[in-house]
Amino acid sequence: MSIKEAEKLYNHKNIEKKVQEDWIKNQIYSKTNQLREKGPKYSFSDGPPYCSGEIHLGTAWNKIIKDSYLRFKSMKGFSLRRQAGWDTHGLPIEHKVEQILNIKNKQQIEENIGIANFVAKCKEFALKNKDAMTNQFKDLGIWMDWDKPYVTFDPKYMESCWWTLKKAHAKDLLIKDKRVISWCPRCETALAAAEIDHEDKEDPSIHVKFETSKPILNNDVNPKKLKEYFLVWTTTPWTLPANLAICMNPIFDYSFIEIDNEIIILASNLVETIFGPEVKITQIKKDTGKLDEDGKPIKEIEEKRETIYNILKIVKGADFEGKSYIYPLLDQVPEQKSFDKDENLVNVHTILPGDHVELGEGTGFVHTAPGHGPDDFEIGKKYNLPIFCPVNEEGNFTNEGEKYSGDFVKDANHNIINDLRSKGILLREEIIKHRYGVCWRCKTPIIYLATEQWFLKVTEIKDKMLSEIKKVEWIPKWAGEGRFHDWVDNAKDWTISRQRYWGIPIPVWMCEDCGKLKVIGSVEELKENSINEITANDEELVHRPYIDEITFKCDCNESSNDSDGIMKRIPDVLDVWIDSGVAGWAALYYPQEKEMFNKWYPYDFITEGHDQTRGWFYSQLGAGVISFDEVPYKKVLMHGFVLDEFGKKMSKSLGNVVQSEDVIEQYGADILRFYLLWATKPWDDLKFVWNELNNIKKMFNILWNVYVFSTTYMSLDGFTPENYEIEDKKSIILRDEDKWIISRANSLSKEVEEDLNKAYFHQATRKINYFILEDLSRWYVRLIRGRIWVKKNDPDKLGAYFGLYTAIEILIKVLAPITPHICEEIYENLVKNVKSDSKLSIHMEDWEYDQNVIDEDLEKEMDVVRDIIEASTRARDMAKYKLRWPVSELTVVSDDNLVFEAVNHLESVIMDQANVKKIITTNEFENLKFIAKPNLKTLGPRLRQDMGNVKKFLAENDGNQIKADLKSNNKIDVIINEGNDNGSDKIIELSRDDVLFDNELPDDVVSSDFKGGNVFVNTQITPEILSEGMARELIRRIQDMRKDKDLDVEANIDVVVQTSDKLKDIIYDKIKFITNEVRAKNISFDSIDVNSINDENNSSKYIKEWKIEDENIIIQIEN
RNA sequence: AGGCCAGUGGCUCAGCUUGGUUAGCGCGCACGGCUGAUAACCGUGAGGUCCUGGGUUCGAAUCCCAGCUGGCCUACCA
């Protein structure tokens, strides 16, 4: 086998298809895993994407990070577990299935469809989505265990989840409690904080007057015995039927104001906000009846002061504590009367203190309905108010809501406002727009209801959770130290029960007689305890409704003769965040199976987007502390979001979503992968810009070109690196530039390894990008071009092959984790074909570099040399002196030793690339011509009329001599013949400061500077240079013609040139050189009949006219 | 409303930890050049209130404070 010539064009579609097929055909993935089986373990856990049906660029990015990182770890020899995970339960899928089945509410599910059918549909839907998304991930080249993923509806997974809840119960962390929670009236279920979105919504905003039961002000202040009202603001009028108290802040000042013959009480700070200034001043121009001197009527301005309201008294909020008010909707909600009458409920309809009352908005009095708000609920518990909630789970008023009974809460607003108005206690009514919580799936505005729910008492394990966070390595640091810490620090108890169907049933059975609880931790335990015959298989049994039918026998009446109670399952399912929170051990089926768990738990690495701070990072931490008293992960990379090109988030409603398959179609998975890891720091958000993909595409085209270039010649010569001994000079000679590229490639591998270990993908990709473009393509290939063109198989040419081969081989290994397809393709041809120790796939190669061949000094020197060559090119360009023409001499001026060493060491590189015959290094360029001129600033005042003569003297004398004299004597004397009779001369002494120098390059010298100094290029054309220059001009033309004819690189030709004798003489010495360069069998000078050009009849001959400098020539080639 | 992150030529980004030459790379643009890797390459040029405003300092893109814009998260705004 030998290296084959590569396809000329990089075709991502063909390559990726072929490589992916080969992976499957040859079972490369599983073989790679087997290869590393005995290596050190590196455990990873895949955050399960939700089975929504399609991936987006964010999920693509997520999996690409995981895949690249894990492929890298695999090449480093680690044994990995790459199990994909799927999040399948919950409201999103239930909601989709409801839409498909055209179902409006829970009642229809239970009555029309049946829970069993509904759950089966959800499962089917989840499976279908899972498969679709799996294919999309596979298209990206993601290597995971797609055939045996963990899926949250798997009975074995679910029982691990049950075990966790059993553990929570054993630790007294699982509690049932009546609390006010956020509720979706459409889905008819509790929602956790994580399930609430926020949108701008319009709501009524009303100010309501609550009349005091007894007057508060005495006669002195309120002689007219006006009615007194507490002023209250609310945006949820529908909660007023459940109003049981009003809260004030004891430390605020409150004012009694008299307005429109009644007294309103509200926070002093808010009086002006609501009622405006106390006194309204209007100015009126009024006729005085008098006339002024001109006979015009005199007017005077009269101020009219209108008092809008009077502040009668100001008191502290604390003074109101215990004062009662008349509940305004007693007639509409008669239930409220019974609270008033109940002697145990002394605080009902009174003013109570509450620290949550603020002055930013409202009136300083907050309407309090313990059944409809979390704060209100706390107040209610503290002051023994009934938790009155006349609203049912569908959001409709119950019979307790009497007049409004049956109305949906939001619809009742209107009636309630009308009732308040007719009672004359509605002070103001407006509409406001504000952020309001909505259900994450159906976008229905949430309401707050008092219900019994199950909770995990996170507040009790919070301290442990906080200390566990510190043990984790966070990338970036602030992800854990700031963001996540703050979120956990503010954590409330976790509402884990949902009144739905498609989820993990809460494994809690409760005795109907005694209320005793039993929490089940496995399917086996379920079956053991069941007193029913079980016909369903495990798959069905673990879900609703089958599990609902299972009952246990309680031991509550064992001591008495009564029959024992029956235990029934509580009907709720779990919050889906628990599902994924237990993934760490549930995916390993712990505790039913222990071997895998002991091997892989806890996890070395996880990575998810920054939204998972409140999500998976949190749920795993909580579940981990409950189950094992520790956090389940050791290192976390928190990555960003993919935004559109304007930095806005991608959303269907904005229509700016980019599909990953569209990108793959146009650019391929490799380019997308590289782009996503290159575009930004992984933890920043990523602006997806189509045009930037072109940059990456260009880079891969260039890589491909280098590969094509290499294989073209290597295949021609049958090059196989193993056939040669580098030490043996006869076999292969490495020049300094070959050693340099090998050093660079190894340095790259070393540096990229460091970056990937830190998850600094952006730095890794940038270094690779630089290596491909600058080091390999633009520099090394340019350096070796001449050597490759040599016909024979000499050691010097093989050295170039070896350098090129080694660089590409190392490069594709470094690039393999990031762009696995193109690297596999190149590897197959370049390595697998010719190396005896090659692997079945590049992904089975070891990631390694050879520290011994890294030569940092050489790399630095090459940088200097590149600068020097660039500078010389620039200088030539300014002089319009073509690179094709050699120059006799290049002078490098510097005071840096490194520059001299670099030039000394790599002189041949400079001579070749700058096309120079001789290089001189020096501290100072000797051939500069200096021109002296007077320093007008110092000499002007001193010399006055003598200035002209001094100027003339300096201009006429040799500047270099003046400079030398000044240097040795620190002065020069200017002798001026004043032309007077006595013939005496005037001598003017000039100091160093008095003379300035311009420098002037000698003719035929151009200069340019580089970082370490200057270069001077001698452009004088000698006969020898003319000869070589013209020869090269001729070569260029002939090569151009070869290309026109699309000749094979190794094809030999006959050349005839018609030219003047003069030119013939000039290039005569170079015939051999020309012959060699253009692969000519023979070159002859003769006259050519231009008219003989006839492509059709004489296709082997090709004739073209040229003009070189001022010469007209005709060239004919024939192959 | 609060927390965290980002804001640098027309565009994508680096530099900021540890303040110090003329703020850098790539794309794009204009002009010139090269031509056996050629859908490549080389040179020159135009283009910057380093988001805004304060402060610390001899000196701020960099440190501090406040604000604006965008992203994510949170919130009981009655």
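Computed over heavy atoms, backbone and side chain alike; hydrogens, waters and symmetry mates excluded. We name chains A, B, ... by the order of the sequence lines, and we start the count at 1 in each one.
Here the nucleotide nearest the side chain of A:Pro374, chosen from B:rG43, B:rC76, B:rA78, is B:rC76. Nearest to the side-chain atoms of A:Arg874 among the listed nucleotides B:rG71, B:rU44, B:rC76 stands B:rU44. The side chain of A:Ile702 sits closest to B:rA40 out of B:rA40, B:rC76, B:rG33.
In this structure, A:Val357 reaches the bases: a heavy-atom distance under 4.0 Å links it to at least one base atom across the strands shown. Using a 4.0 Å heavy-atom cutoff across all strands shown, A:Val708 reaches no nucleic acid atom at all. Counting any heavy atom pair closer than 4.0 Å across all strands shown, A:Thr236 reaches sugar-phosphate atoms only and no base atom. Using a 4.0 Å heavy-atom distance criterion, A:Trp233 is classed as a base contact. Contacts of A:Gly647 with the nucleic acid, taken as non-hydrogen atoms under 4.0 Å apart, involve only primed sugar atoms and P, OP1 or OP2. Within the nucleic acid shown, A:Glu378 has no heavy atom closer than 4.0 Å to any nucleic acid atom.
When each of A:Phe646, A:Tyr675, A:Trp61 is checked for a ring-ring contact (aromatic ring centres under 6.0 Å, His included) with A:Phe688, only A:Tyr675 meets the rule.
For the residue pair A:Asn705 / A:Tyr10, no side-chain donor-acceptor distance below 3.5 Å is found, with atom types taken as modelled. A donor atom on one side chain and an acceptor atom on the other are not found under 3.5 Å apart for A:Thr451 and A:Trp183. In this model, a donor atom of one side chain and an acceptor atom of the other lie less than 3.5 Å apart for A:Glu1033 and A:Trp885.
Not a single ring-ring contact (aromatic ring centres under 6.0 Å, His included) links A:Trp1106 to another residue, sequence neighbours left out.
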Scan nucleotides 11-21 of chain B against the protein and return all N/O pairs shorter than 3.5 Å with their distances rounded to 0.1 Å.
| from | atom 1 | to | atom 2 | distance (Å) |
| --- | --- | --- | --- | --- |
| B:rU12 | OP1 | A:Lys687 | NZ | 3.1 |
| B:rU12 | O4' | A:Glu692 | OE2 | 3.4 |
| B:rC13 | O2' | A:Arg766 | NH1 | 2.6 |
| B:rC13 | O2' | A:Arg766 | NH2 | 3.4 |
| B:rA14 | OP1 | A:Lys681 | NZ | 2.9 |

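Between B:rA75 and B:rG2, the two C1' atoms lie 8 Å apart (nearest whole Å). Atom P of B:rC16 sits at a distance of 13 Å from the matching atom of B:rU62, rounded to the whole Å. Going from the P atom of B:rC63 to that of B:rC50 covers 16 Å, rounded to whole Å.
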